[in-house]
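Accompanying notes for the structure given below.
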2 protein chains.
Amino acid sequence: MDHKRATIKDIAATLRISPSTVSKALRDHPNIGVVTKERVKKLAQQLHFVPNQAAIRFKQQKSFTLGIVIPNMLDHFYVAAVEGFERFAYDNGYNVLICQSHESLQREKELLCTLQANRVDGLVIAISRETADTTHINEFVHAGIPIVYFIRKPINEEYHCVCSDVYKGATDAVAYLVSRGHLRIGLINASSFWTTSRDRFLGYRDGLIQHQIPFDKSLVQESDFTQEHNFQATRRLMQLPNPPTAILSFKDQVMLDAHNCLRREFASNADTIELIGYGANPMIQYLERPPLASLKEQPYEIGQKSGLLLLDLINHPQPGYEPQLIKVPCELQVFTA
Amino acid sequence: MDHKRATIKDIAATLRISPSTVSKALRDHPNIGVVTKERVKKLAQQLHFVPNQAAIRFKQQKSFTLGIVIPNMLDHFYVAAVEGFERFAYDNGYNVLICQSHESLQREKELLCTLQANRVDGLVIAISRETADTTHINEFVHAGIPIVYFIRKPINEEYHCVCSDVYKGATDAVAYLVSRGHLRIGLINASSFWTTSRDRFLGYRDGLIQHQIPFDKSLVQESDFTQEHNFQATRRLMQLPNPPTAILSFKDQVMLDAHNCLRREFASNADTIELIGYGANPMIQYLERPPLASLKEQPYEIGQKSGLLLLDLINHPQPGYEPQLIKVPCELQVFTA
DNA sequence: TTGTATGCGTTATCAG
DNA sequence: CTGATAACGCATACAA
């Protein structure tokens with residue numbers, strides 16, 4: 001039963017025709033007679049012939065494999081982004097190697113090395129928290145492998161990028177909070193290495209300015225994605241002489257920790273502080289007293305568009321391709337009635 | 001910059017030695033002189049030489065790639081299992097193709113076909129909800145590709161399998177509920193195709209018997225993972241003439257829906273009904289009134305052990321390998337103080 | 001110690 | 001319409 005798998009040669013030998021004829025017949029090459037095609041295809045079926053991708057890849061000098069690097073898969077946001085990308089890739093005949101950096105620069109470097117050894121035809125990456133230096137990524141660019149940043153992009157690199165329109169999201173959130181009477185609005189933001197942080201900040205600041213609310217930099221705190229730091233950032237805000245009455249957070253995860261912190265440590269105001277995050281995490285529906293709102297992003301579309309852009313770069317390599325910056329809208333979703 | 005990548009031939013030509021010498025030198029073959037090795041390695045570095053895995057795979061007739069098929073990645077449990085598997089695979093020089101069936105048999109078949117075309121060296125699979133027939137999987141077995149079922153296994157197939165010891169988990173849960181005075185304990189279970197459902201059921205039933213509690217089959221309901229059905233199953237239990245005072249659920253997701261259903265539709269008893277699920281979902285920490293407990297499983301270890309077993313099967317192919325059944329313990333984690 | 005020859009499965013090119 | 005041949009990058013058995 002488990003003898004070697006059938007190859008084109010086997011088919012050719014059995015049918016006493018040449019391998020190249022078989023190859024063409026299987027792929028419906030116009031130069032092959034209908035009768036021959038039929039015979040070949042029939043036998044191929046009988047032998048459970050499946051073309052050896054390894055050989056094709058080798059021959060074509062193309063791996064038909066794309067790499068996608070994300071910080072982790074515990075975040076539904078990234079999972080959805082991967083799915084959008086993967087679906088698009090599969091539909092176009094590509095495999096996808098999914099890699100998690102776990103927010104480690106070291107690991108990210110190793111992954112890129114593996115991906116390079118695997119001769120991926122293209123790469124989509126959301127850089128790790130630690131990725132301030134991008135030499136390892138630029139190596140890919142030098143090797144001529146198309147790259148698309150997505151979700152997170154280093155602030156000083158001008159490359160193709162697909163991400164949420166977090167700027168508009170922030171201004172919308174601020175506008176909504178102002179409409180509910182808030183004048184002291186806090187921001188818990190993430191690494192300033194990323195454009196996605198800077199854009200949230202700019203949206204927040206411009207949102208305030210649009211409503212003639214003075215910008216107060218003590219109301220802006222930085223955190224990462226650890227519960228510890230999220231709690232600390234929340235405390236710093238709440239211990240201000242004039243604490244905020246509403247907080248916009250970089251992500252729902254951060255918002256949930258802030259929510260928890262308020263409940264445990266600032267119980268007296270916990271219910272009056274209104275919170276908005278990014279992501280519209282589906283788990284929020286299970287909370288008894290949900291936060292105010294979240295900016296619902298479209299990670300699936302982000303993944304899809306990254307794939308579209310990447311394949312375009314692969315199929316139409318142009319030296320001076322102007323860096324594309326694609327922004328996918330996000331929308332305020334209000335939880336409390 | 002983006003000219004073709006260096007190959008062994010390039011190095012050989014530059015150094016005016018033969019490709020095979022280069023090949024051996026790079027892999028520290030004992031037959032090569034130290035001086036030559038040095039020269040080769042130095043130049044390889046300079047040229048940023050990375051061995052072409054595609055060629056190696058082709059040559060070796062091995063893909064150094066493993067497949068892992070799971071229902072989806074939205075469930076942290078599967079994500080952790082994938083991670084355990086992946087880490088183990090990477091550490092042993094294998095790549096991993098992660099595939100999601102999205103609980104669709106059709107998609108599962110397509111995925112297996114792709115994996116076969118990619119000549120994966122082995123496969124780990126948690127079958128979809130719809131997978132009652134396993135012909136498509138048996139094809140792999142016939143092709144001589146090692147397979148390990150994990151997490152979910154069809155009830156009528158005797159193959160290698162790694163999963164949680166859900167039987168013991170269920171008896172433990174029942175024992176704990178009994179110790180808290182419960183005599184009417186419900187069970188919301190999943191598809192009876194799976195051993196993992198049957199074992200939960202057996203553990204539940206035997207647990208009751210051990211405590212001289214009569215088994216009442218109306219207390220056992222089946223659901224899938226949709227919120228709709230989870231709500232329905234909960235309603236069916238609560239609308240019994242003599243409803244349960246505690247419910248054991250197939251998964252935390254099911255338990256959370258039951259929790260929600262109770263709160264919304266049976267508010268008067270919502271707080272007295274004690275709930276136990278499987279999975280110890282980390283999001284539970286954010287609930288104000290968490291359920292009673294959850295059986296904490298060890299998905300990472302399950303993934304790891306699946307990898308270990310799979311690699312063993314790949315490296316020591318034995319025709320009459322006795323099917324291994326590996327059970328990873330799970331432990332009751334109590335949330336309410 | 002080093003080099004030469006061969007083949008893995010497929011496809012592209014060119015000749016018949 | 002069909003077939004022969006070469007090539008992709010590497011590893012290996014064998015020859016020198």
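We use all heavy atoms of the structure for the numbers below, so side chains are in, but hydrogens, waters and symmetry mates are not.
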Roughly, in whole Å, what's the span from [atom1] in [X] to [atom2] in [N]?
X	N	atom1	atom2	answer
Phe64(B)	dA11(D)	CZ	P	10 Å
Lys62(A)	dT11(C)	NZ	P	15 Å
Asn52(A)	dC8(D)	CG	P	19 Å
Phe49(A)	dT10(C)	CZ	C1'	9 Å
Asp28(B)	dT12(D)	CG	P	14 Å
Leu47(B)	dG9(D)	CG	P	14 Å
Arg39(B)	dT2(C)	CZ	P	9 Å
His29(B)	dT2(C)	NE2	P	12 Å

When we call it a touch if two heavy atoms are under 4.0 Å apart, what does Asn31(A) touch: a base, just sugar-phosphate, or nothing? base
Can Phe58(B) be called stacked on dC10(D) when the rule is centres closer than 5.5 Å and an angle between planes below 30°? no
When Gly33(A) and Thr7(B) are each assigned the nearest nucleotide of DNA chain D, the 5'-most assignment goes to Gly33(A)
What are the atom names and distances for every N/O pair under 3.5 Å that joins the protein to nucleotides 3-5 of chain C?
residue	atom	partner	partner atom	Å
dG3(C)	OP2	Ser18(B)	N	3.2
dG3(C)	OP2	Thr21(B)	OG1	2.8
dG3(C)	O6	Lys24(B)	NZ	2.7
dT4(C)	O4	Ser20(B)	OG	2.8

For Leu112(A) and Lys109(A): C-alpha separation, side-chain torsions, deciding distance, then whether side chain to side chain contact (heavy atoms under 4.5 Å, CB included) applies. CA-CA 5 Å; Leu112(A) 290 204; Lys109(A) 284 181 182 172; 5.9 Å; no
Please check the phosphate of [N] (OP1 and OP2 only) for any side-chain N or O of [X] closer than 4.0 Å.
X	N	value
Gln61(A)	dG9(D)	yes
Lys9(A)	dC8(C)	yes
Arg27(A)	dA12(C)	yes
Gln53(A)	dG9(C)	no
Ser23(B)	dA11(D)	yes

When you compare the side chains of Arg57(A) and Asn118(B), does any donor N or O come within less than 3.5 Å of an acceptor on the partner? yes
Quiz question: by atom type and distance under 3.5 Å, do the side chains of His102(B) and Glu83(A) form a donor-acceptor pair? yes
Comparing Val50(A) with Lys59(B), nearest DNA chain C nucleotide closer to 5' gives the residue Lys59(B)
How do Pro30(B) and Arg119(B) order along DNA chain C: which one's closest nucleotide is nearer the 5' end? Pro30(B)
Which word best sums up how the rings of Tyr149(A) and Tyr159(A) line up, parallel for under 30°, tilted for 30 to 60°, or perpendicular for over 60°? parallel
Mind checking whether His76(A) and His76(B) have parallel, tilted or perpendicular rings, split at 30° and 60°? perpendicular
Lys62(A) atom NZ, neighbour heavy-atom count above 12 within 6.0 Å: yes
Here the gap from Leu105(B) atom CG to Ile127(B) atom CD1, rounded to the nearest 0.5 Å, amounts to 10.0 Å
In plain terms, say whether Lys305(A) and Asp312(A) are close enough for a salt bridge, that is, a side-chain N and a carboxylate O under 4.0 Å apart. no
Terminal axes of the helix from dT1(C)-dA16(D) to dG16(C)-dC1(D) (five pairs each): angle between them, nearest 10 degrees: 50°
Side chain to side chain contact (heavy atoms under 4.5 Å, CB included) evaluation trace for Leu66(A) with Ile314(A): CA-CA 10 Å; Leu66(A) 304 177; Ile314(A) 290 173; 3.6 Å; yes
Nearest of dC10(D), dT11(C), dG9(C) to any side-chain atom of Ile8(A)? dT11(C)
What pairs with Glu38(B) under side chain to side chain contact (heavy atoms under 4.5 Å, CB included), at least two apart in sequence or on another chain? none
